[in-house]
Amino acid sequence: MTGLPFHDRPDAARKLASALAGLRGERPLVLAIPRGAVPMARLVADSLGGELDIVLVKKIGAPGNPELAIGSVDEYGTIALNENADWLGADDTYVESEAARLLAEMQSRRVRYLGRAPPTRLAGRTVVVVDDGMATGATMASALRAARRQGPARLVCAIPVASREALALVTPLADDTVCLATPAPFGAVGLYYRDFTQVDDQDVIAALGARDQGAPCMDSTVRSQTLRIPLGSAWHEADLALPAKARGLVVFAHGSGSSRLSARNQSVAQALNQRGFATLLFDLLTPQEGQKPAARFDIPLLAGRVRAVLDWVGTQPALAPLGLGLFGASTGAAAALLAAALDPSGIAAIVSRGGRPDLVGPRELSLVRTPTLLVIGGDDHEVLALNRRAAAAIPGEVELVVVPGATHLFEEPGKLDQVAALAGDFFERHLPGAAAY
């Protein structure tokens, strides 16, 4: 066992990196749990010749007692509930509302730390999740579960110090666990460091080497900027990525409880950018509206926002000449379909990912003549049935593609990449001028 206390976090990180030395040569991806672990993980990643990213999870607190955890949600929107959730009064409405609020916080934090770059792909990688210590292990357990869902080839839990109970909790969740010390009885994590100075956001940004909001995307030919679009009486935040020679513009409509910062939509948008498409991701709701479950399922309201953004696009000299497509997820797909049903002008194609066309209504679906691609996970049985019925009701060109082995969120390894490829191919065929790019 390593002697305690550690001098400071860098001291603990160097000792942790030494214990992980066997991973050198594998170019591991080191995931830090913000904020305290990020500067440590930077040292670990550099020592092992690996990459650094963060893993974001939030506990869901009980009604009236936010410090009592009833579960957690990760930045992909996956919710895991404890057995105590029901008897503590957490019904579905409460859980969905809290998860949506926490998801928005995590998405905002990722942008603050790393700009608009999507999370690094974990599939097939050696992944090391690092924290500066564990008292209960609840946060690390949630982080490991979130990482496992992304399909790493090997998942390693690495901590300098932990209680024996916490270690017992997380060990079954990782392929390997590295812990330097397990003192008993266990006190607060900070007791095992001589210097446990708080890590602030600027320290995190410096360790990650984050870009600011105006920085270019990974593809240097793409210009990115954050905008404020006037929709009615409110301004809505939007992120525009515009290739130098854009072959078309895809406007994204996010699903319920999400925002323009959706990690899944950002990942698809980046893939489209790499194929030469401009992308515009915007917030369908104001922050105040987003707290109201009814607003998130108000499809006429959401469709009106989509149409208003399309009208705004038509006033922008750099965007108006581009062929226009819509990409909608969940309720956002319903909004895109309804917008096209009520006013199809300018919309060349629609792609729906795990969409809810049943929320549009049969009469409105019968008005959709815009070419439409419905992409559904093969294991998303209920939504698949809904989309099959919708496909039969749409009189215009419609394709339904089932991605085998995918669930509603397409969080299985490689499945979201398939969605992005299908969307790119469909927009290439249907957006004016795209095929000649």
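Residue numbers count from 1 along this sequence.
The two residues Leu359 and Phe297 make their nearest non-hydrogen contact at CD1-CD2, 4.3 Å. When all heavy atoms are compared, the tightest approach of Val351 to Ala423 is CG1-CB, 4.1 Å. Heavy-atom minimum distance, Asp132 versus Arg9: OD2-NE, 3.2 Å. Minimum interatomic distance between Ala339 and Val306 (heavy atoms only, all atoms of both residues): CB-CG1, 4.0 Å. Nearest heavy-atom pair across Val419 and Phe327 is CG1-CZ, 4.1 Å. Summarising the geometry of Thr407 relative to Asp380, their closest heavy-atom pair is C-CB, 4.1 Å, with the distance given to 0.1 Å.
Looking at heavy atoms from C-beta onward, Leu240 lies in side-chain contact with Leu319 at the 4.5 angstrom threshold. At least one side-chain heavy atom of Ile33 sits under 4.5 Å from a side-chain heavy atom of Val55. Residues Leu31 and Leu122 meet the side-chain proximity criterion, which asks for heavy atoms closer than 4.5 Å. At a threshold of 4.5 Å between non-hydrogen side-chain atoms, the residues Arg369 and Pro344 do not count as touching. Using a 4.5 Å heavy-atom threshold, the side chains of Val127 and Gln150 count as separate. Residues Thr139 and Lys59 are not in side-chain contact: their nearest non-hydrogen atoms beyond the backbone lie 4.5 Å or more apart. Between Leu272 and Phe252, some side-chain heavy-atom pair lies under the 4.5 Å cut-off. In this structure, the side chains of Leu167 and Met140 stay at 4.5 Å or more apart for every pair of heavy atoms.
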Please report the C-alpha distance between Gln107 and Leu56 in whole Å, then the side-chain angles of each, then the deciding distance to 0.1 Å, and finally whether the side chain to side chain contact (heavy atoms under 4.5 Å, CB included) criterion is met.
CA-CA 9 Å; Gln107 292 169 340; Leu56 295 172; over 6 Å; no
Pair Leu409-Arg264, side chain to side chain contact (heavy atoms under 4.5 Å, CB included): steps then yes or no
CA-CA 8 Å; Leu409 296 178; Arg264 284 180 291 274; 3.6 Å; yes
Please lay out, stage by stage, how Thr93 and Asp91 fare under the test side chain to side chain donor-acceptor pair (under 3.5 Å).
CA-CA 6 Å; Thr93 300; Asp91 58 17; 4.6 Å; no
Go through the steps to decide whether Val251 and Leu324 satisfy the test side chain to side chain contact (heavy atoms under 4.5 Å, CB included), and finish with yes or no.
CA-CA 8 Å; Val251 175; Leu324 185 62; 3.8 Å; yes
Carefully, step by step, assess Phe282 and His254 under the rule side chain to side chain contact (heavy atoms under 4.5 Å, CB included).
CA-CA 8 Å; Phe282 76 103; His254 59 76; over 6 Å; no
Evaluate Asp201 against Tyr113 for side chain to side chain donor-acceptor pair (under 3.5 Å), listing each step before the verdict.
CA-CA 8 Å; Asp201 281 349; Tyr113 290 161; 2.6 Å; yes
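Between the side chain of Thr171 and the backbone N or O of Ala168 there is no donor-acceptor pair closer than 3.5 Å. Tyr192 contributes no side-chain N or O that, together with a main-chain N or O of Ala181, makes up a donor-acceptor pair within less than 3.5 Å. Between the side chain of Ser256 and the backbone N or O of Arg296 there is no donor-acceptor pair closer than 3.5 Å. A side-chain donor-acceptor contact under 3.5 Å links Lys415 to the backbone of Pro404. In terms of modelled atom types and a separation under 3.5 Å, the side chain of Arg353 and the main chain of Ala333 share no donor-acceptor contact. Between the side chain of Ser224 and the main chain of Ala241, no donor-acceptor pair closer than 3.5 Å is present. Judged by distance alone, with hydrogens and angles left aside, the side-chain atoms of Asp53 form a donor-acceptor pair with the main-chain N or O of Thr120 at under 3.5 Å. The backbone N or O of Glu411 sits nowhere less than 3.5 Å from a side-chain atom of Arg149 that would complete a donor-acceptor pair. No donor-acceptor pair under 3.5 Å is formed between the side chain of Arg228 and the backbone N or O of Trp235. Remark: the backbone N or O of Thr226 is not paired with any side-chain donor or acceptor of Glu237 at under 3.5 angstrom.
Salt-bridge check for Asp176 with Arg154: passed, with a basic side-chain N closer than 4.0 Å to an acidic carboxylate O. Salt-bridge check for Glu289 with Lys292: failed, with every basic side-chain N at 4.0 Å or more from each acidic carboxylate O. For the pair Arg125 and Glu51, the salt-bridge criterion is met [side-chain N within less than 4.0 Å of a carboxylate O]. Taking a cutoff of 4.0 Å between a charged side-chain nitrogen and a carboxylate oxygen, Arg109 and Glu75 do not qualify as a salt bridge. A salt bridge between Arg101 and Glu105 is present, with a side-chain N of the basic residue lying under 4.0 Å from a carboxylate O of the acidic one. No salt bridge links Arg429 with Asp425; every basic N to acidic carboxylate O contact stays at or beyond 4.0 Å.
Atom CG of Leu52 and atom CZ of Arg42 lie 4.5 Å apart (nearest 0.5 Å). Taking CZ from Arg35 and CD1 from Ile205, the interatomic distance works out to 10.5 Å, rounded to the nearest 0.5 Å. Taking CH2 from Trp312 and NE2 from His236, the interatomic distance works out to 13.0 Å, rounded to the nearest 0.5 Å. Here the CD1 atom belonging to Ile350 is positioned 11.5 Å from the CD atom belonging to Glu397, to the nearest 0.5 angstrom. Atom OG of Ser259 is separated from atom CG of Leu284 by 10.0 Å, given to the nearest 0.5 angstrom. How far CG of Leu342 is from CG of Leu337: 11.0 Å, rounded to the nearest 0.5 Å.
Take Thr177 and apply the side-chain hydrogen bond (donor to acceptor under 3.5 Å, both in side chains) test, not counting sequence neighbours, and it matches no residue.
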